[in-house]
Amino acid sequence: MAEKLDNKKVFLNPLAKDNPVVVQVLGICSVLAVTAKLEPAIVMGLSVIAVLAFSNVIISLMRNTIPTNIRIIVQLVVVAGLVVIVNQLLKAYAYDVAKQLSVFIGLIITNCILMGRLEAFAMGNKPWPSFLDGIGNGAGYAIILIIVGFFRELLGSGTLLGYQVVPQSFYDAGYVNNGLMILPPMALIVVACIIWVQRALNPDLQEK
Amino acid sequence: MKSLRNYLDKIKPNFEPGGKFHAFQSVFDGFETFLFTPNTTAGRVGAQIHDSMDSKRTMIIVVLALLPCLLFGMYNTAYQHWLAAGNATFPFFTMMLYGFLAVLPRIVVAYVVGLGIEFVVAQWRREEIQEGFLVTGILIPLICPIETPLWMIAVATAFSVIFVKEVFGGTGYNIFNVALVTRAFLFFAYPSQMSGDKVFVPTQPILGIGGTVPDGFTGATPLGQIAVASPQAGEALSIVGVNGQPISTWDAFLGLIPGSFGETSTLFILIGAVILLLCGIASWKIVVSVFAGGLCMASVAHLCATPLYPASMLTPLDQICLGGFAFAAVYMATDPVTAARTEIGKYIYGFLVGVIAILIRVYNNGYPEGAMLAVLLMNAFAPLIDWCVVRANIRRRQRRLTA
């Protein structure tokens, strides 16, 4: 029973209280790069969930056989292999989005969240909790990506997933899309706002 | 004065905790201090040395120093409109009224949004209202094109007051100049409303004053024209006003040219500069070194003038008089909060502002004007400059100690 509760925590903590992006501030560069539109943000989030979950499981299965001093290399090989698979799948089935994401799928290999979870969790835990941890952290990352992508696309282009959301009558009345939202600095500011809201809601996260 | 004091004393209990309006305590407090601080007066007998130079008085003097630019901006806005509409006579008072009506909504929007946020934040944090927005609120309309839509000014002002000032702790703690960030936000978020040839000259009559401007006119600023010019080798640059007449250096100095509301007239900016320097508000070291840096860089650019970068063909004097360079040097770079604070640091800071402003203006074709970006960039570096100056000083004295 105790283990089950533990699993639940492993899965749910990264979504809010221990979020990899807004609490640990990892993986920021891809948050800046792929969130100008909502669709690539969602695809990127799903890719990271998949890669993180499976690399966590694989490393967890091998954790007792990996020699300590070459563990980083082993982890990288596993992650790189999975990333190549995801990349090929995207190119095959979602070519347009894959083109928009360009190198950033490849750069999942260097995403700090992956190395962090492999080092901190998968190396010391059984496959099932590792799998949940991978899903949880990937989802925590994806949530932030989607929130940021939502606001940037809505305010920057007036669309969501490519569909016009801001009605034409707004534009006729003088409304103009905010071009700054498309530029990377605004992604940082949106992330900062999420951090602000989250710390305001959870006083125990506030630094003294 | 006395009756006002009595009235304030009478209604004060309402705003104390427990009173009827204590939610507005900081608002009341703000007005009270605005009216009556500093409330110490010199004694009646004996020699007195007395200096009540506090931040409120500093701010109000900066606002006074901005008035020449504001008044000239009103005249110039109307003048450009009159020229574009093809009017032959220039009635002074009608034109001032037109300019006043054109700028008034912008000033009101900037103040209402900015002060509104300040009041709310002050009440929320249970602090006194700080007076920093007094200057910012009047700077914002001065550095924006006159045709900027009001809602854009509101959005940009809210953005920069919240993210540049309040999150850092309010007046005096900001890293970047609040008014300039407002303009930078507008510039990057709504580029088509902040540059081009339609935004610097009002096209519609206001309350029946002024004429209608024909569709075909172009009111691009001189720097905007230069940025898109493609002169042949050996050919001179041509800059024209809204009526098609060429603009000379003297015109640019006087300021009867299209441009952002308050930045066109170097002459009136210099009047403001004299007020600021005489009152000891702005640092002459910064002002002088900004101009020195600008002239240096402009001379270098002019020596290697090439048609590839049309702005390099301007003379150094033109560079200083055109665009927002002088305004940035006098009112923006000297902001005591965001500038360097060490005395040697002020020279370095100012000089680099001048150099970078001209550098961006000449060698980056994407940005016709570089003064805004130069000041913001150096705002970020000012603490580093101070740190280096302080370290150098410590090391120098240490060496003297050990030698």
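Below, read A as the first sequence line, B as the second, and so on, with proteins coming before strands; counting in each chain starts at 1.
Remark: Phe163(B) CZ is packed, more than 12 non-hydrogen atoms of other residues, nucleotides or ligands lying under 6.0 Å away. Within 6.0 Å of atom CZ in Phe170(A), 12 or fewer heavy atoms from other residues, nucleotides or ligands are found, so the atom counts as exposed in its surroundings.
With a 4.5 angstrom heavy-atom cutoff, Leu186(B) does not touch chain A via any of its atoms. In this structure, the portion of Met186(A) lying under 4.5 Å from any heavy atom of chain B is its side chain and not its backbone.
Note that the OG atom of Ser160(B) and the CD1 atom of Ile140(B) stand 5.5 Å from one another [nearest 0.5 Å].
Remark: aromatic rings of Phe159(B) and Phe185(B) are close, center separation under 6.0 Å.
Listed options Ser192(B), Ala189(B), Pro191(B) were ranked by heavy-atom pairs under 4.5 angstrom with chain A; first place goes to Ala189(B).
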